[in-house]
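These values consider heavy atoms only, across backbone and side chains, with no hydrogens, waters or symmetry-generated copies. Just so you know, residue 1 is the first one in the sequence shown, and it goes up from there. Because the structure is predicted, anything quoted here is derived from the model rather than measured.
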Amino acid sequence: MNQARTSDRVPAAAITGLIADALATLGLPADDAAKVAGLMTEADLTGADAHGVFRLPQYVRRLKAGGVNPRPDIRVTKTAPATAMVDGDNGMGHLAMKLAAETAIAKAKQTGVGWVGARMSNHAGPAALYATMPLAHDMIGLYFAVGSNNHLPPWGGLESLLGTNPIAVAVPTQDEPPVVMDMSPTVTAYGKVRLKAARGEEMPVGWMIDKQGKPLTDPKRADEGHLLPIGEYKGYALALMIGLLAGSLNRAAFGRDIIDFNKHPDLVTNTGQSVVALSVEAFAPVAEFKRSVDAMVRTLRESPRLPGVERIWLPGEQSHSKRLDRVRNGVPMPPPLRKSLDELAKDLGIAPVM
C-alpha cells in the first residue's frame, strides 16, 4: 500500500509506488518501472511539478495506445573514445537518458569528457535530472533535448517549427548547493502551460501570444497561439541550436518532423537528447575548483540588492530548498491532480495515493 498523505501533501514514497505500480501494470519490467518512478518522483521533489507524477496520465495514454515500447532494447549503438550514441528503441525516455548519462560519465572518467546522444527516445522529464547525474563524480553535467511538440515559430514567423528545447548545466560545489541551470529558450515551458490548464489558472501576460500577436492568457486556448522566446530573437536562435545538437546530430526528429505527443499518443516521436559529462579534474584540482565556485556563489548572494529584494538566488537554490522541504513534508498534491490520479488508479486496478 502507498503511504498515507499529510494534509494536501503526499509522501514521496507514495508517489513512487503509484507510478511504479501503474507502469508495471502496463507492461514495463518491474526494475524499469522502479527506475522511471524514482526519476519522476525526483522531478516532483525538486519542484519540477510539470514533469513529475503530473505526467503519469499522459505516459499511460501513450503506453496504452502503443506510442511507447514498454519492453525496449535500449543500447549503445555507436561509440568512440569520448562519444557514444544510444538507441532508445522507443522506450520510456527516462530509461534511455539514464543510460546516456551513465555512459557519458564512464567516458569522462577515461578521457575527461563524454558526449552521448540519443535517438528513438521519448519525453524524459526535467533536463536537470540528467545534468545533475555527473555531479556525484566531480563532473560538470550538460543536457540538451528537442521538445516533444512545437510551439515556437522562427523570430517574425507564424508557423511553430521549434519546441521548448531545454538546456541544463550543473556545476559541483564544496559546501553550497550545486549551481544548476535548467531552462527552455521560451519564457516558459509548455508543460507549465498544461499545468495551468489542469489547475484552472490563467497564464501571466508575456508567456504566449495569439496569431495576431496579442497576449494570450487562457491556457486552454494554447493551440491558438505561440510561446514567446526569451530575449526575443536570441531565444529563437538558442532553440534552433539546441535542436540541431540534440535532434539533427542524433538523427532524431526536428522541425516539421516533430510529433506532438499530446495530440498523437499512438505515434512514435523519435525524441532526441544529449548528455555531456565534463571531468573537473581534467582542468583543475577538484577541491580548488569547488572552493572557487562556492566563493562566487557567496559573492553573488551577498552582493547589494535592489530595494524590495529580500534575497539573491543562485540557479538551482530554490529547487534545492524545495527538495529539502518536500522530502520532509511531502509533495504538494492539488485537488485536480489528485482526482486525475485517483481515476487513473481505478482504471488500472491499482491502489491510489492515499
Side-chain angles (χ1 to χ4, degrees), residues 2 10-60 62-63 68-72 74 86 88-105 116 118 120-137 141-145 147-148 166-168 170 178 180 182 189 191 195 246 261 269 271-277 316 319-320 322-323 326-327 330-331 333 337 341 344 353:
N2 297 322
V10 175
I15 291 176
T16 304
L18 174 72
I19 297 171
D21 288 350
L23 297 179
T25 298
L26 291 166
L28 268 72
D31 186 52
D32 285 354
K35 289 176 183 177
V36 176
L39 289 166
M40 289 176 65
T41 303
E42 184 63 23
D44 279 316
L45 286 173
T46 55
D49 297 335
H51 291 294
V53 71
F54 171 77
R55 292 279 179 175
L56 184 59
Q58 180 183 36
Y59 294 158
V60 167
R62 284 187 52 74
L63 284 161
V68 176
N69 181 1
R71 292 180 174 268
I74 300 173
V86 167
D89 195 26
N90 195 36
M92 292 292 291
H94 305 72
L95 300 174
M97 294 322 299
K98 187 174 186 296
L99 175 61
E102 291 168 350
T103 304
I105 291 165
V116 180
M120 289 301 294
S121 181
N122 276 288
H123 186 270
L129 270 181
Y130 310 102
T132 54
M133 286 184 178
L135 294 178
H137 304 272
L142 297 90
Y143 174 89
F144 315 95
S148 297
I167 179 173
V180 183
D182 179 346
L195 194 61
F261 72 156
T269 61
T271 300
Q273 297 125 328
S274 294
V275 179
V276 182
S319 293
H320 178 76
K322 285 181 180 178
R323 192 180 193 286
R326 293 180 178 193
V327 166
V331 175
M333 182 71 67
L337 177 57
L341 295 176
L344 181 145
V353 174

Nearest 0.5 angstrom please: [X] [atom1] to [Y] [atom2], how far?
X: Leu195; Y: His51; atom1: CG; atom2: NE2; value: 10.0 Å
X: Leu63; Y: Thr25; atom1: CG; atom2: OG1; value: 11.0 Å
X: Asn122; Y: Met97; atom1: CG; atom2: CE; value: 12.0 Å
X: His320; Y: Thr132; atom1: NE2; atom2: OG1; value: 12.5 Å
X: Met40; Y: Tyr59; atom1: CE; atom2: OH; value: 5.5 Å
X: Met92; Y: Lys35; atom1: CE; atom2: NZ; value: 13.5 Å

Minimum heavy-atom distance [X]-[Y], with the two atoms named:
X: Gly38; Y: Thr16; result: N-CG2, 4.3 Å
X: Ala168; Y: Ala128; result: CB-N, 3.9 Å
X: Gln273; Y: Ser121; result: OE1-OG, 2.8 Å
X: Lys322; Y: Gly47; result: CD-CA, 3.8 Å
X: Pro70; Y: Leu26; result: CB-O, 3.9 Å
X: Ala96; Y: Ile74; result: N-CD1, 3.8 Å

Compare all side-chain heavy atoms of [X] with those of [Y] and state whether any distance is below 4.5 angstrom.
X: Met133; Y: Val275; result: no
X: Leu56; Y: Leu23; result: yes
X: Asp89; Y: Met120; result: no
X: Asp44; Y: Phe54; result: no

Do Ser274 side-chain atoms and Phe144 backbone N/O form a donor-acceptor pair below 3.5 Å?
no
Tyr130 vs Glu102, side chain to side chain contact (heavy atoms under 4.5 Å, CB included): CA-CA, chis, key distance, verdict
CA-CA 9 Å; Tyr130 310 102; Glu102 291 168 350; over 6 Å; no
Are Arg326 and Asp49 ion-paired here, with the side-chain N under 4.0 Å from a carboxylate O?
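Counted as a salt bridge, because a side-chain N and a carboxylate O are separated by less than 4.0 Å.
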